[in-house]
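Encoded as structure tokens, the structure appears first; notes follow it.
Atoms within each ligand, like the ligands themselves, are counted from 1 in listed order.
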Amino acid sequence: MSLKSKIDAQRLPEHIAIIMDGNGRWAKEKGKFRIFGHQNGVKSVREATEAAAELGVKYLTLYAFSTENWNRPQLEVIALMELLVSTIRKETNTLMKNNIRLQAIGNMDDLPPKCFKELKAAIDETQNNTRMTLVLALSYSAKWDITNAVKSIAHKVKEGKLLPSDITDQTIDEHLSTNGIPNPALMIRTSGEHRISNFLLWELAYSEFYFTDTLWPDFNKEHLYEAILNFQQRERRFGKTSEQLAI
Ligand code: IPE
Ligand code: IPE
Ligand code: MG
């Protein structure tokens with residue numbers, strides 16, 4: 001029996017978020033430059049996106065570049081931005097064919113203009129697609145997002161549009177760049193690292209975490225199926241007892 005056929009289609013995670021990690025180590029193992037790893041990571045993005053869409057997952061968020069990644073060597077940053085532009089340009093047609101909508105979260109102001117332009121064009125072109133939403137976290141960090149949310153809320157309070165006593169966790173949801181996107185049910189991190197690295201701190205409050213030693217460029221559809229099958233064996237209690245869930 002194939003892994004895919006073991007997946008219960010009724011209990012799919014509606015939203016999967018992935019920290020795509022290990023490109024540099026993958027390249028190093030092969031005696032190549034880090035960018036070779038990033039280039040090979042693109043086919044894993046394709047694999048994960050295709051597999052998720054085929055299964056019927058509604059949202060897939062990929063952590064592609066963090067706020068902290070700007071501190072990498074300049075050459076690597078430039079190469080990553082170039083790769084991003086060329087990949088978006090090449091893949092927009094495939095997104096259209098597969099009815100996939102592209103969105104982005106993160107500080108778009110920091111992106112090189114060419115990169116922003118390409119991204120914006122793909123987001124606009126795919127905006128009416130309905131099968132799945134692919135969210136790219138780009139120049140993203142959760143602390144950046146939460147700080148911005150707090151700033152906008154503070155402005156509204158100052159202008160008298162909002163009372164401090166009316167602030168709920170929903171108010172915070174609504175001011176984050178992930179507004180409108182359901183919280184991830186499943187968060188996957190590749191490459192054997194067990195940390196969040198400033199990814200979706202608020203939204204992952206009740207997500208199931210899945211860690212694999214597989215380096216991102218080796219990640220394929222089967223790896224995604226494995227993660228989903230593992231997720232489906234878990235009991236999500238949301239603070240309740242197991243007995244309460246059975247009712
Ligand atoms: C993930 O791979 C890609 C990005 C963070 C852009 P890394 O580049 O972090 O690879 P490792 O972790 O150094 O192996
Ligand atoms: C996290 O990976 C960010 C992305 C995958 C884009 P990093 O490789 O930057 O994370 P750390 O620095 O090892 O925590
Ligand atoms: Mg890394």
Side-chain angles (χ1 to χ4, degrees), residues 15-49 52 59-91 102-112 114-116 118-119 134-147 176-178 181 184 186-204 207-220 223-224 227:
H15 180 182
I16 300 177
I18 309 183
I19 302 180
M20 311 183 287
D21 200 11
N23 294 351
R25 278 163 284 167
W26 185 89
K28 200 172 170 194
E29 268 178 8
K30 295 178 163 48
K32 307 272 192 182
F33 291 115
R34 297 178 55 85
I35 188 65
F36 183 69
H38 298 316
Q39 285 160 349
N40 279 275
V42 175
K43 69 174 179 336
S44 301
V45 168
R46 222 175 279 131
E47 288 264 322
T49 308
Y59 294 86
L60 176 68
T61 298
L62 301 176
Y63 202 7
F65 195 87
S66 72
T67 305
E68 289 75 16
N69 288 149
W70 289 113
N71 299 319
R72 290 196 177 189
Q74 205 53 28
L75 270 181
E76 182 172 347
V77 171
I78 293 170
L80 269 167
M81 291 298 146
E82 290 291 332
L83 184 63
L84 194 78
V85 172
S86 63
T87 307
I88 293 172
R89 191 173 295 153
K90 268 192 233 146
E91 301 295 328
L102 185 71
Q103 277 193 3
I105 54 171
N107 189 359
M108 300 304 137
D109 295 344
D110 276 355
L111 294 179
K114 199 168 74 174
C115 197
F116 176 76
E118 211 59 57
L119 183 67
L134 174 65
V135 184
L136 281 187
L138 261 183
S139 188
Y140 171 88
S141 74
K143 287 195 174 183
W144 165 83
D145 206 10
I146 294 169
T147 306
L176 290 170
S177 61
T178 49
I181 301 171
L186 170 62
M187 195 286 286
I188 300 171
R189 183 169 190 153
T190 59
S191 88
E193 306 295 355
H194 300 125
R195 53 178 173 265
I196 297 197
S197 301
N198 219 345
F199 188 42
L200 303 174
L201 296 178
W202 174 269
E203 297 84 347
L204 293 175
S207 309
E208 295 297 327
F209 288 7
Y210 178 86
F211 298 102
T212 168
D213 287 339
T214 305
L215 301 173
W216 181 250
D218 289 328
F219 193 89
N220 59 29
H223 293 106
L224 189 78

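Tyr63 places no side-chain N or O within 3.5 Å of a backbone atom of Leu138 that could act as its donor or acceptor partner.
Atoms CD and CG, from Glu76 and Asn71 in turn, are 11.5 Å apart once rounded to the nearest 0.5 Å. Thr61 OG1 to Ile18 CD1: the interatomic distance, rounded to the nearest 0.5 Å, is 9.5 Å. Distance CG/Leu119 to CZ/Arg89: 12.5 Å, rounded to 0.5 Å.
Which parts of ligand 1 touch Arg34 is read off a 4.0 Å heavy-atom cut-off, strictly below it: atoms 7 (P), 8 (O), 10 (O), 13 (O). Numbered from 1 in the order shown, with element, the atoms of ligand 1 that lie under 4.0 Å from a heavy atom of His38 read 3 (C), 8 (O). Within ligand 2, the atoms closer than 4.0 Å to a non-hydrogen atom of Asn69 are 3 (C), 6 (C), 9 (O), numbered from 1 in the order shown. Of all atoms in ligand 2, numbered sequentially from 1 with element shown, those under 4.0 Å from a heavy atom of Phe65 are 6 (C).
Of all protein heavy atoms, the one lying nearest to atom 10 (O) of ligand 1 is Gly24 N, 2.9 Å. Protein heavy atom in closest approach to atom 1 (C) of ligand 1: Met20 O, 3.0 Å. Among all protein heavy atoms, the one lying closest to atom 6 (C) of ligand 1 is Ala64 O, 3.4 Å.
Among the candidates Phe199, Trp70, Tyr140, the single residue satisfying the ring-ring contact (aromatic ring centres under 6.0 Å, His included) test with Phe65 is Trp70.
A pairwise comparison of heavy atoms in Gly106 and Ser177 identifies N-OG, 4.3 Å as the closest pair.
For ligand 1, the polar-atom distance check against Asn23 finds a nitrogen or oxygen pair separated by under 3.5 Å. Considering backbone and side-chain N/O of Ser197, one or more are found under 3.5 Å from N/O of ligand 2. Backbone and side-chain nitrogen or oxygen atoms of Asp21 are examined, and one is located within less than 3.5 angstrom of a nitrogen or oxygen of ligand 2.
Looking at Asp218 and Trp26, their side chains do bring a donor and an acceptor atom within 3.5 Å of each other. Side-chain polar atoms of Asp21 and Thr190 form no donor-acceptor pair below 3.5 angstrom.
Of the candidates Arg195, Arg189, Arg25, the one placing a heavy atom closest to atom 2 (O) of ligand 2 is Arg189.
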In sequence, state the C-alpha distance, the side-chain angles, and the governing distance for His223 and Glu47, and then conclude on side chain to side chain donor-acceptor pair (under 3.5 Å).
CA-CA 10 Å; His223 293 106; Glu47 288 264 322; over 6 Å; no
Begin from the C-alpha positions of Asn198 and Ser66 and carry the test side chain to side chain donor-acceptor pair (under 3.5 Å) through to its verdict.
CA-CA 8 Å; Asn198 219 345; Ser66 72; over 6 Å; no
What's the verdict on side chain to side chain donor-acceptor pair (under 3.5 Å) for Thr212 and Arg189, showing C-alpha distance, side-chain angles and the deciding distance?
CA-CA 6 Å; Thr212 168; Arg189 183 169 190 153; over 6 Å; no
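Close to ligand 1: Arg72, with a non-hydrogen atom less than 4.0 angstrom away. In this structure, Glu193 does not count as a contact residue of ligand 1, since none of its heavy atoms falls inside 4.0 Å of the ligand. The closest approach between a heavy atom of Gly22 and any atom of ligand 1 is below 4.0 Å.
Around the Mg ion (ligand 3), protein N, O or S atoms at less than 2.8 Å number 1.
Ring-plane geometry between Tyr59 and His15 is classed as tilted, the angle between the planes lying from 30 to 60 degrees on a 0 to 90 degree scale. Ring orientation note: the planes of Phe219 and Trp216 are close to parallel, at an angle under 30° on the 30°/60° scale.
At a heavy-atom cutoff of 4.0 Å, ligand 1 is contacted by no atom of Lys28, backbone or side chain. Neither the backbone nor the side chain of Leu215 comes within 4.0 Å of ligand 1, counting heavy atoms alone.
Ion pairing between a basic and an acidic side chain is recognised when a charged N comes within 4.0 Å of a carboxylate O; Arg25 and Glu193 show such pairing.
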